[in-house]
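Everything on this sheet refers to the single structure shown next.
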Amino acid sequence: MSKACGQIKPCYLVKPISVTLVTGRYLTHQRGLPTLPVPPLQQTCEGYIAALEPIIELDELQHTKEQVDEFQKVGGVGDRLQRALEKRASDTENWLSDWWVQVAYLEYRLPVVVHSSPGLVLPHMNFSDKQGQISLLHLYFLPLYNNETLPVEYAGGKPLCMNQYYEVLSSCRIPGLEKDSLVNHAKSSEPPKHITVVHNFQFFMLDVYNNDGTPLTVDHLSIQLDRICSVSLQSDAEPIGILTTQHRNSWGKAYATLISDKENKESVSAIQRSIFTLCLDGPMPQVSDEMYLSCAAIQMLHGGGSQWNSGNRWFDKTLQFIIGEDGTCGVNYEHAPAEGPPIVALVDHVVEYTKKTEIMQSPMVTLPMPRKLQFNINPEIKKDIEEAKKNMNILAKNLDMRVVVFDQFGKNVPKMYNMSPDAFIQMALQLAYYRMYQRCCATYESASLRMFRLGRTDTIRSASSASAAFAKAFDDPSKQNIEKIDLMVKALKAHRSYTNMAISGQAIDRHLLGLKMMSIEEKLPLPAIFTDRAYGKALHYQLSTSQVPSKTDCFMCFGPVVSNGYGVCYNPMNDHINFAVSSFNTCKETNAARLTQAVEDALLDMRTLLDQTPRAKL
Ligand code: COA
């Protein structure tokens with residue numbers, strides 16, 4: 001028995017999660033969910049104009065209003081597209097989800113690293129040697145061995161679509177020359193039985209099931225992982241995985257070269273089919289305690305550059321569990337098949353399981369040696385690797401990431417004042433941004449559409465006329481506190497009300513996208529509202545934000561979506577809030593540390609204002 005087994009966690013000798021996909025209970029649940037509605041055209045047009053008000057000039061707004069009126073008039077092009085969209089909605093399970101995967105992900109050509117794939121940082125684990133690192137890996141096998149279908153999740157008392165859970169295992173993004181594709185091998189008649197492990201840039205195929213279909217026990221896994229580590233001690237292998245960090249067109253081209261070799265093709269296919277990838281990382285940069293979480297976020301988001309762990313990944317893989325040798329651990333996931341919440345819920349589930357104490361003794365068996373995946377690297381592939389390293393390092397240098405644990409309060413304080421914590425945090429972000437730039441910007445907050453079958457997300461537009469009035473008034477010495485409070489309450493209510501619309505499928509953004517996609521499908525000239533400058537401004541999200549809550553004290557992080565913007569991900573716990581804020585160093589106007597500080601100040605100032613106001617006035 002390996003030494004690592006001294007620290008083993010429980011194991012569950014039952015069927016893999018992928019099998020549950022076909023169970024009747026899951027299908028009955030899915031079929032019972034409502035389908036995504038198409039909002040009324042007039043409602044979306046009015047909502048669009050309202051969303052533009054705080055972010056564009058008056059004369060521009062007037063021009064857009066005229067275009068919108070033309071678009072929505074009876075018998076106009078909007079009417080025609082609306083009817084076509086309603087027909088699509090009645091003919092499909094979800095009128096949006098296929099389009100969304102294509103447009104938001106597979107046709108998006110920037111590298112998935114930083115620009116699309118989020119990172120997730122788990123609480124630091126206390127171990128200091130290889131054995132400890134290996135023992136922790138067991139944690140990640142547990143959901144595979146769960147003996148029941150994942151429990152259905154609810155929001156506001158309504159059941160949620162569980163499909164995304166079944167899209168993240170055994171799946172992978174495949175690069176193309178102009179657009180990518182997705183494969184999901186869990187749905188095949190013979191679901192994969194192996195994971196891939198990468199250590200010192202070398203990939204291994206590790207079977208996690210025995211021939212009789214039972215999963216490997218924890219101590220058997222430990223033996224196998226020990227073996228992998230001991231045969232990959234050298235760190236001078238070519239970091240083949242770094243190719244996956246490239247611009248998608250370049251990677252698509254390099255991919256064609258790579259898999260033109262038969263052995264390479266087989267190795268790549270083994271990675272693509274694997275249940276997930278486990279990245280056993282080397283060291284990460286030594287930083288001060290204050291910067292530790294930011295550095296951990298960078299490791300999960302992009303690996304730190306070619307000199308650190310960026311080559312110890314396969315970024316096309318939907319799920320990559322990452323374990324650093326110093327106890328830093330987390331996940332990187334490719335966004336096309338799923339959003340953050342199901343990934344975090346999976347991690348919560350795993351962490352819960354590790355608290356159980358049941359231990360099983362494994363029978364003595366001879367385990368086959370995990371297979372090392374071979375790559376033949378010709379001069380052309382070598383050149384592609386060097387190019388990828390160079391670009392990855394530029395990207396790594398460009399990304400600024402600040403993680404802060406705001407420890408003055410969490411959800412508890414807004415709740416105490418009968419306010420939505422999410423709306424409170426979003427309004428603090430609006431105030432912080434306004435204080436830094438004296439203006440509002442288009443702001444994206446993800447809203448889950450999982451109340452609907454195959455639902456993904458829509459956009460909560462956090463910058464509203466109400467939020468602008470609140471932010472403008474907050475530091476205005478001519479305003480009384482009572483007026484500021486009134487504006488704050490109105491801004492929070494407006495945010496919560498838009499959130500309710502968004503999660504009920506009544507927001508504007510995906511509907512507008514649907515109308516635009518419909519005009520492309522119908523081969524009509526693109527309506528003027530979509531070529532208008534205002535539409536471009538509405539989609540230029542200088543604040544791209546998302547709440548990803550969890551039971552575990554972890555946090556998710558992602559990059560900005562525009563060159564002069566910020567990415568802000570937060571996890572509101574009961575008495576503190578984890579924030580991960582990113583920006584690009586090449587942009588002189590943005591600064592992640594400054595925004596982080598401004599958000600903390602805004603939260604405190606908003607609370608002070610509340611504390612100073614008599615309850616009866618709230
Ligand atoms: N008074 C007191 N309590 C309140 C309140 C009020 N006025 N309004 C809300 N609360 C409570 C809620 O009941 C909830 O309680 P809980 O902690 O016991 O669960 C808590 O405050 C949080 O509510 P709120 O802050 O309003 O947010 P939410 O949980 O409704 O989430 C969204 C809002 C938009 C984040 C959520 O609906 C969503 O869509 N999440 C998806 C995010 C996503 O997909 N991200 C993608 C990342 S890749």
Side-chain angles (χ1 to χ4, degrees), residues 97 100-101 104-105 112 115-120 153-158 160-161 163-165 167-168 300-301 318 331-348 409-429 443-452 455-462 488-507 509-510 541 544-551 554-559 561 567-577 580 582 603 610 615 618:
S97 51
W100 182 245
V101 172
Y105 301 109
V112 288
H115 298 289
S116 176
S117 300
L120 170 70
E153 293 173 344
Y154 289 80
K158 295 192 176 143
L160 301 181
C161 174
N163 181 62
Q164 290 182 30
Y165 285 95
E167 299 293 339
V168 295
M300 300 311 144
L301 198 60
T318 306
V331 174
N332 178 281
Y333 79 92
E334 200 289 300
H335 214 327
E339 265 67 58
I343 307 283
V344 170
L346 208 59
V347 167
D348 278 341
F409 59 88
K411 289 192 282 188
N412 53 353
V413 164
K415 278 187 186 179
M416 195 171 76
Y417 284 103
N418 291 327
M419 292 172 165
S420 148
D422 187 66
F424 194 86
I425 295 166
Q426 284 290 331
M427 290 310 106
L429 270 161
T443 308
Y444 182 110
E445 183 192 355
S446 347
S448 174
L449 288 176
R450 284 179 57 211
M451 273 184 206
F452 304 101
R456 297 294 302 264
T457 58
D458 206 325
T459 311
I460 302 166
R461 288 191 166 264
S462 307
M488 182 163 133
V489 169
K490 282 186 177 138
L492 285 159
K493 282 194 174 146
H495 188 81
R496 188 63 229 184
S497 150
Y498 198 86
T499 299
N500 288 342
M501 280 187 76
I503 59 176
S504 330
Q506 298 294 327
D509 280 273
R510 301 300 182 267
Y541 294 111
S544 168
T545 75
S546 188
Q547 180 193 139
V548 183
S550 65
K551 290 191 199 126
C554 61
F555 62 90
M556 204 164 250
C557 53
F558 47 77
V561 295
V568 183
C569 196
Y570 52 95
N571 179 3
M573 309 290 288
N574 192 47
D575 59 1
H576 67 276
I577 309 168
S582 61
L603 286 165
L610 284 171
R615 282 287 174 137
L618 290 173

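Start at 1 and go down the list; that is how both ligands and their atoms are numbered.
- Here the side chains of V347 and V331 are in contact, with some heavy-atom distance below 4.5 Å.
- Regarding atom 19 (O) of ligand 1, its nearest protein heavy-atom neighbour is K411 NZ, 4.5 Å.
- At a threshold of 4.5 Å between non-hydrogen side-chain atoms, the residues Y333 and V168 do not count as touching.
- Of the protein's heavy atoms, Q547 NE2, 4.0 Å lies nearest to atom 31 (O) of ligand 1.
- In terms of protein heavy atoms, atom 8 (N) of ligand 1 is closest to S420 CA, 3.3 Å.
- A heavy-atom separation below 4.0 Å is not found between Y570 and ligand 1.
- The single protein non-hydrogen atom nearest to atom 39 (O) of ligand 1 is S448 N, 2.7 Å, given as residue, atom name and distance.
- Using a 4.0 Å cut-off to heavy atoms of E445, the atoms of ligand 1 that qualify are 34 (C), 35 (C).
- Annotation: atom 10 (N) of ligand 1 to nearest protein heavy atom, P421 CD, 3.8 Å.
- Which parts of ligand 1 touch G340 is read off a 4.0 Å heavy-atom cut-off, strictly below it: atoms 47 (C), 48 (S).
- Y444 places a side-chain heavy atom less than 4.5 Å from the side chain of T457.
- Using a 4.5 Å cut-off on side-chain heavy atoms (C-beta onward), V101 and R456 make contact.
- Ligand-side atoms of ligand 1 in range of V548: 47 (C), range being under 4.0 angstrom from any heavy atom.
- Of the protein's non-hydrogen atoms, the one nearest atom 43 (C) of ligand 1 is P341 CG, 3.7 Å.
- Between S504 and M451, the closest side-chain pair of non-hydrogen atoms is not below 4.5 Å.
- The protein non-hydrogen atom at the shortest distance from atom 25 (O) of ligand 1 is D422 N, 2.6 Å.
- Between M427 and M488 there is no side-chain heavy-atom pair separated by less than 4.5 Å.
- Rounding to the nearest 0.5 angstrom, the gap separating the OH atom in Y541 from the CD atom in E445 is 12.0 Å.
- Shown here, atom 13 (O) of ligand 1 is out of close reach of the protein: none of its heavy atoms lies under 4.0 Å off.
- For atom 5 (C) of ligand 1, the nearest protein heavy atom lies closer than 4.0 Å.
- Some N or O of N418 is nearer than 3.5 Å to an N or O of ligand 1, by distance alone.
- Distance check for atom 36 (C) of ligand 1: every protein heavy atom is found at 4.0 Å or beyond.
- Taking every non-hydrogen atom of H335 and a distance limit under 4.0 Å, the qualifying atoms of ligand 1 come out as 48 (S).
- Numbered from 1 in the order shown, with element, the atoms of ligand 1 that lie under 4.0 Å from a heavy atom of I460 read 34 (C).
- Listed by atom number, the atoms of ligand 1 under 4.0 Å from A447 heavy atoms are 39 (O).
- Geometrically, ligand 1 and E339 share no nitrogen or oxygen pair separated by less than 3.5 Å.
- Put simply, atom 29 (O) of ligand 1 has no protein non-hydrogen atoms near it, under 4.0 Å away.
- Distances from atom 18 (O) of ligand 1 to the heavy atoms of R496, Q426, K415 put K415 nearest.
- Across V548 and G340, no two heavy atoms sit closer than the pair CG1-C, 4.1 Å.
- In this structure, M416 and L610 have side chains that are not in contact, with every pair of non-hydrogen atoms separated by 4.5 Å or more.
- Closest heavy-atom contact between E339 and Q164: N-OE1, 2.8 Å.
- Every heavy atom of M556 sits 4.0 Å or more from the atoms of ligand 1.
- At under 3.5 Å, not a single nitrogen or oxygen of T499, backbone or side chain, sits near a nitrogen or oxygen of ligand 1.
- Closest approach of S550 and V344 over heavy atoms only: CB-CG1, 3.0 Å.
- The atoms of ligand 1 that sit less than 4.0 Å from any heavy atom of Y333 are 48 (S).
- Contact check for N571 versus Q547: no side-chain heavy atoms found under the 4.5 Å cut-off.
- Contacts with ligand 1 closer than 4.0 Å are made by side-chain heavy atoms of S546 only, the backbone lying farther away.
- The ligand atoms of ligand 1 that sit less than 4.0 angstrom from a heavy atom of I503 are 37 (O), 39 (O).
- In the model, Q426 has no side-chain atom that pairs as donor or acceptor with a side-chain atom of Y498 under 3.5 Å.
- A donor-acceptor pair shorter than 3.5 Å can be found between the side chains of S446 and S546.
- Every heavy atom of P118 sits 4.0 Å or more from the atoms of ligand 1.
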Steps toward side chain to side chain contact (heavy atoms under 4.5 Å, CB included) verdict (L429, T545): CA-CA 9 Å; L429 270 161; T545 75; 4.1 Å; yes
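- The closest donor-acceptor contact from the side chain of R450 to the backbone of G455 lies at 3.5 Å or more, if one exists at all.
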